[in-house]
Q: 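If you scroll down you'll find the structure; I have some questions about it.
The figures here come from the full heavy-atom set of this structure, side chains too, leaving out hydrogens, waters and symmetry mates. Start at 1 and go down the list; that is how both ligands and their atoms are numbered.
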Amino acid sequence: MNIEIPVERFAGIRTPFYYYDTNILRQTLDAINTEVKKHDNYFVHYAVKANANLKVLKIINEAGLGIDCVSGGEIEQVLKAGFSASKIVFAGVGKSDWEIELGLEKDIFCFNVESVPELENINDIAAKKGKVAPVCFRINPNVGAHTHANITTGLAENKFGIDMQDMERVIRLAQEMKNIRFKGLHFHIGSQILEMDDFIALAHRINDLQAQLEAVGIQFEIINVGGGLGIDYVDPLGNPIPNFKDYFSVYDKHLKLRPGQTVHFELGRAVVGQCGALITKVLYVKENAIKRFAIVDAGMTDLIRPALYDAHHHIINLTSTSPRAGQPSPNGQLPTVNSQLQYDVVGPICESSDVFDKDIPLPETHRGDLLAMLSAGAYGEIMASAYNCRRLPEGYTSEELK
Ligand SMILES: *Cc1c(COP(=O)(O)O)cnc(C)c1O
């Protein structure tokens, strides 16, 4: 099944907007559940920072996934969507007091703690509230990931987590704190990871750490391996569902568990990435001596990934009726590609980085055409900003637009 973009239903909807194909989302969730059901000790927490649209969240909740939050605002949002607090893991390198208080009041499943000062603060706040905080430590495993430098998180130089050499000392400290219960270890090495070898390296590192702790009598229940599974941005139409079978079997094969241990996953992008598209209208087409630009009404404020991570989103023209096979461009100078024309697709924001893609083939494109930027379900709508005093894009599901 491919993403379906029913352009005939878009009449009257203000562009740019996000469109979510709920069939793709549900099929993705089914594919996850098919793998997870093979293990009674695997739990997936959807990483809500990828997309916090309420309509999307409700579908993910219906599929039974837990949730991974990185802020108090996210905790509020997922509770509104109907998630049970008992399925919330709460990560983040800098949790504010009110966010910790909220987590304690709601009795969330676990705090993923990233430093000793944070641990001490959680202990203090929990003591004032008469609570005991369940805690996993986020360990920096110094495992690199083959992904963009801005989204690798598991190297010693990154700000995340606690160094491996401090792990034992920090666990001992936690075990002496009255209002902390040490539950396990947490990891997250980065995002948009497509090489299973990176996850295999993480599993082996976790095995080593577990053996090291076991040797000094430290045991625990929870191993949280984080998220990071990537999606196919190059061929989203050919490959709409990530390979969850290979992903989960990495941990099945390589992670050595002790009796009673549970394995937790925090997938974000892989859950929602392919179900979403950013729909934008072409405002103007202009040419100069070397370039043909399609200037669209979406900008980096609506989808920042290309500007921030050099990300590529496959762009299609939903409404052009004229492929003009083999014909020269209007001024007869610019090249054609695969009998299409070649465009830079750019936004209206006053920044040179406000470019979605360069020199891509599209059928001849006119003012008023609708374009879709595919694979935009993750880190799209949620990262929108009001820079240039722009309105935030709306998000619609296929179910609403019937
Ligand atoms: C962002 C994040 C995730 C999700 O990452 P994806 O690449 O979207 O799967 C999981 N865990 C933590 C701690 C994160 O910060």
Side-chain angles (χ1 to χ4, degrees), residues 25 28-29 31-32 36 43-53 56-57 60 65-71 73-75 78 87-95 99 103 108-115 118 135-141 143 145-155 158-162 184-196 198-199 202 206 222-233 241-244 247-248 250-251 263-276 304-305 308-309 311 375-383:
L25 177 58
T28 305
L29 292 163
I32 292 171
V36 167
F43 298 92
V44 176
H45 303 260
Y46 165 61
V48 63
K49 79 171 192 282
N51 186 318
N53 182 297
V56 169
L57 286 182
I60 296 171
L65 271 63
I67 201 97
D68 165 39
C69 293
V70 293
S71 76
E74 285 188 353
I75 293 175
V78 303
K87 290 179 170 180
I88 297 176
V89 295
F90 183 15
V93 71
K95 299 178 191 72
E99 297 176 310
I108 62 169
F109 178 70
C110 196
F111 290 84
N112 291 331
V113 171
E114 306 213 9
S115 68
E118 184 197 349
V135 158
C136 283
F137 288 110
R138 178 169 180 173
I139 306 300
N140 185 332
V143 169
H146 294 88
T147 186
H148 189 273
N150 287 5
I151 49 176
T152 183
T153 56
L155 287 173
N158 298 128
K159 69 178 176 181
F160 300 101
I162 291 167
L185 302 183
H186 172 234
F187 305 85
H188 176 65
I189 57 171
S191 200
Q192 184 52 20
I193 297 167
L194 290 168
E195 301 212 14
M196 292 304 119
D198 294 339
F199 297 118
L202 174 63
I206 296 172
I222 295 174
I223 296 178
N224 184 332
V225 298
L229 177 63
I231 62 171
D232 191 341
Y233 283 100
I241 312 290
N243 192 338
F244 294 111
Y247 173 72
F248 286 106
V250 162
Y251 292 100
V263 186
H264 297 254
F265 302 85
E266 301 171 336
L267 296 173
R269 188 190 311 272
V271 181
V272 291
Q274 298 291 33
C275 75
I304 201 175
R305 299 189 63 259
L308 192 60
Y309 310 125
S375 316
Y379 307 105
E381 184 183 357
I382 191 67
M383 288 181 119

Q: Under 3.5 Å, is there a donor-acceptor pair between the side chain of His45 and the main chain of Lys87?
A: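 Side chain of His45 to backbone of Lys87: a pair is present.
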
Q: Taking Lys95 for the side chain and Asn112 for the main chain, is one N or O donor matched with an acceptor at less than 3.5 Å?
A: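 Yes; at least one donor-acceptor contact below 3.5 Å.
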
Q: At their closest point, which heavy atom of Glu74 faces which heavy atom of Val70, and how far apart are they?
A: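 Nearest pair, atom of Glu74 first, then Val70: OE1-N, 2.7 Å.
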
Q: Any side-chain heavy-atom pair from Met196 and Leu229 closer than 4.5 angstrom?
A: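 Sidechains of Leu229 and Met196: in contact.
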
Q: Which protein residues have a heavy atom closer than 4.0 Å to any atom of ligand 1, listed by chain and number?
A: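 Heavy-atom contacts below 4.0 Å: Ala47, Lys49, Asp68, Ala91, Arg138, His186, His188, Ser191, Gly227, Gly228, Glu266, Leu267, Gly268, Arg269, Tyr379.
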
Q: Ring-plane angle category for Tyr251 and Phe265, please: parallel below 30°, perpendicular beyond 60°, tilted otherwise.
A: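 Tyr251 vs Phe265 ring planes: perpendicular.
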
Q: Say whether, by atom type as modelled, one donor and one acceptor occur between the side chain of Tyr247 and the main chain of Gly230 under 3.5 angstrom.
A: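 Not a single qualifying donor-acceptor pair exists.
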
